[in-house]
Amino acid sequence: MSRPDLKPAAELANTNRTRHPNESADYRRARQALLVEEIELRRQIERVAELRRALPAGGEVTKAYVFEGEHGQVKFAELFGDRQTLVVYSYMFGPQREQPCPMCTSFMSTWEAKLPDIEQRVAFAFVARSPIARLIAAKKARGWTRHRIYSDTGGDYTRDYVSAVDADMPGYSVFTKRDGRIRHFWSGEMGMGTADPGQDPRGAPDMDPLWTILDTTPEGRGKDWYPKLGY
C-alpha cells in the first residue's frame with residue numbers, strides 16, 4: 001500500500017551527514033545507495049506488518065486441545081491467561097530426537113530475558129511433541145526459567161497447525177480470543193517450497209536476532225553454519 005505522505009527514500013538519504021574516518025568517495029557513494037535501500041526495507045517491513053494486522057478473521061478454533069504442562073494438563077484456552085492474543089512456538093523436539101533441535105534451542109534462548117516484556121502484551125507458549133519430562137529436563141539444562149513449555153502429547157494441535165503428517169518441524173502461530181471465541185490469526189507459511197535459490201528456507205520478517213546481527217557483517221549468515229547445543 002502506498003503512502004503519499006512519505007518522502008522519497010533518496011530524499012531522506014540525502015539528509016544523512018554521517019561520515020567515518022578515512023572513508024573513500026567510492027565507499028560513501030555505495031553507502032548512500034545502500035541507505036536508500038535500507039529506508040525502503042524499513043518501509044516494506046511496516047507495509048507487511050500493516051497487511052498482517054488487517055487480515056480478515058481467521059478460522060475458529062473448535063477442537064478442545066489439551067497439553068501437558070509442568071504442573072499438569074492445560075486446555076488450549078487456558079494458555080491465553082488474561083491476554084487476548086496467544087503466540088505458540090512449536091519447537092523441534094519430538095520423541096524420535098535424542099536432543100532438541102540446536103536451531104530451535106538457539107532461537108528460544110534469545111527470548112529468555114525478553115519474555116517478561118513480551119508477556120506485558122501477549123501470552124506466549126512453547127510446544128513440542130516429546131513427553132513433558134523430557135521437555136522439563138531440556139529446559140533446566142539450558143537454564144531457562146521463563147519459558148512456559150507444554151507437551152502436545154496426542155499431537156492434535158501439531159497436526160492441525162504445524163504439520164499435517166506430524167513431521168518434526170518448527171511452527172509459529174498466533175491466535176486471538178475475542179468475545180469468548182478463539183480464532184487463528186496468523187502462522188508462518190514460508191518453507192522449502194518458497195525458498196529462493198542458494199538460500200536456506202526461512203520466513204520473513206526474521207524473528208531471530210542471531211541472523212539479523214550476522215546480516216550486518218561481511219561474513220553474513222554463511223551457508224553451512226548453524227548454532228550448536230554446546231561449544
> Distance from L6 atom CG to E40 atom CD, nearest 0.5 Å?
Replying inline: 9.0 Å

>> So which atom in P209 and which in T110 form the shortest heavy-atom distance, rounded to 0.1 Å?
In response: CD-OG1, 4.1 Å

>> Looking at R142 and L229, would you say the former's side chain and the latter's main chain have a donor-acceptor pair under 3.5 Å?
In response: yes

> Judged by atom type as modelled, is there a donor-acceptor pair below 3.5 Å linking the side chain of Q32 to the main-chain atoms of A13?
Replying inline: yes

>> Within this structure, what is the CD1-NE2 distance for the pair I136 and H147, rounded to the nearest 0.5 Å?
In response: 14.5 Å

> Which hydrophobic side chains are connected to V36, either touching it within the sub-4.5 Å cutoff or through other members that do?
Replying inline: none

>> E112: which residues meet the salt bridge (Lys or Arg N to Asp or Glu O under 4.0 Å) condition with it, sequence neighbours left out?
In response: R146

> To the nearest 0.5 Å, what is the distance between OH (Y157) and CZ (R129)?
Replying inline: 13.0 Å

> Is there a path from F80 to W186 through hydrophobic residues (I, L, V, M, F, W, Y) whose side chains come within less than 4.5 Å of each other?
Replying inline: no

> Under the 4.5 Å side-chain heavy-atom rule for ILVMFWY, direct or indirect, which residues accompany I213?
Replying inline: none

> So, for Y226 and M103, which heavy atoms are closest and what is the spacing to 0.1 Å?
Replying inline: CD2-CE, 2.7 Å

>> Would a single hydrophobic cluster contain both V88 and L55, if residues Ile, Leu, Val, Met, Phe, Trp and Tyr are joined by side-chain heavy-atom contacts under 4.5 Å?
In response: no

> Any sub-3.5 Å donor-acceptor pair from R183's side-chain atoms to V61's backbone N or O?
Replying inline: no

>> Considering only residues two or more places apart or on different chains, which pairs with a residue in residues 20-36 satisfy salt bridge (charged side-chain N to carboxylate O under 4.0 Å, His left out)?
In response: E23-R28, D26-R29, R31-E38

>> Please determine whether side chain to side chain contact (heavy atoms under 4.5 Å, CB included) holds for the pair Y150 and L135, giving the CA-CA distance in whole Å, both sets of side-chain angles, and the decisive distance to 0.1 Å.
In response: CA-CA 8 Å; Y150 301 92; L135 303 185; over 6 Å; no

>> As an exercise, state the distance from CZ of R134 to CZ of F93, rounded to the nearest 0.5 Å.
In response: 4.0 Å

>> Count I, L, V, M, F, W, Y as connected when their side-chain heavy atoms are under 4.5 Å apart, and connections chain through other members. Are M190 and M192 then in the same cluster?
In response: no

> With sequence neighbours left out, which residue pairs that include part of residues 170-180 fulfil the side-chain hydrogen bond (donor to acceptor under 3.5 Å, both in side chains) condition?
Replying inline: S173-S187

>> Can you give me the closest heavy-atom contact between P170 and C104, atom names plus distance?
In response: CB-SG, 4.2 Å

> Taking only residues at least two apart or on different chains, which pairs with a member in residues 59-70 satisfy side-chain hydrogen bond (donor to acceptor under 3.5 Å, both in side chains)?
Replying inline: E60-R181, K63-D160, Y65-D160, E70-K139

> What residues, two or more places apart in sequence or in another chain, satisfy side-chain hydrogen bond (donor to acceptor under 3.5 Å, both in side chains) together with R19?
Replying inline: none

>> Quick check: closest heavy atoms across S106 and P227, and the distance to 0.1 Å?
In response: CB-CB, 3.6 Å

> Is a donor on one side and an acceptor on the other found under 3.5 Å between the side chain of R159 and the backbone of D166?
Replying inline: no

>> Enumerate the side-chain hydrogen bond (donor to acceptor under 3.5 Å, both in side chains) contacts for residues 74-99, please, sequence neighbours excluded, ordered by first and then second residue.
In response: R97-D168

>> As a quick check of understanding, evaluate side chain to side chain contact (heavy atoms under 4.5 Å, CB included) for L214 and W225, giving each step before the final call.
In response: CA-CA 11 Å; L214 290 178; W225 179 87; 4.0 Å; yes

> Mind checking whether V87 and M108 sit in one hydrophobic cluster, side chains of I, L, V, M, F, W, Y counted as touching below 4.5 Å?
Replying inline: yes

>> To check you understand the geometry: which heavy-atom pair defines the closest contact between S151 and S130, and what is its length?
In response: OG-O, 2.7 Å

> Under a single-linkage definition using a 4.5 Å side-chain heavy-atom cutoff for Ile, Leu, Val, Met, Phe, Trp and Tyr, are I149 and V162 assigned to the same hydrophobic cluster?
Replying inline: no

>> In terms of relative ring orientation, are F67 and F76 parallel, tilted or perpendicular, with 30° and 60° separating the classes?
In response: tilted

Determine all donor-acceptor pairs shorter than 3.5 Å in which one atom belongs to a side chain in residues 113-128; sequence neighbours excluded.
| residue | atom | partner | partner atom | Å |
| --- | --- | --- | --- | --- |
| Q120 | NE2 | P116 | O | 3.3 |

> Do any pairs count as a side-chain hydrogen bond (donor to acceptor under 3.5 Å, both in side chains) and have a residue in residues 202-211, sequence neighbours left out, and if so which ones?
Replying inline: D206-R221

>> Under the rule for side-chain hydrogen bond (donor to acceptor under 3.5 Å, both in side chains), what residues qualify as partners of W144, not counting sequence neighbours?
In response: S109

> Which ILVMFWY residues are connected to L12, directly or by a chain of links, through side-chain heavy atoms under 4.5 Å apart?
Replying inline: L35, I39

> Near E189 CD, under 6.0 Å, is it more than 12 heavy atoms from other residues, nucleotides or ligands?
Replying inline: no

> Which atoms form the tightest heavy-atom contact between M169 and S163, and what is the distance?
Replying inline: SD-CB, 3.6 Å

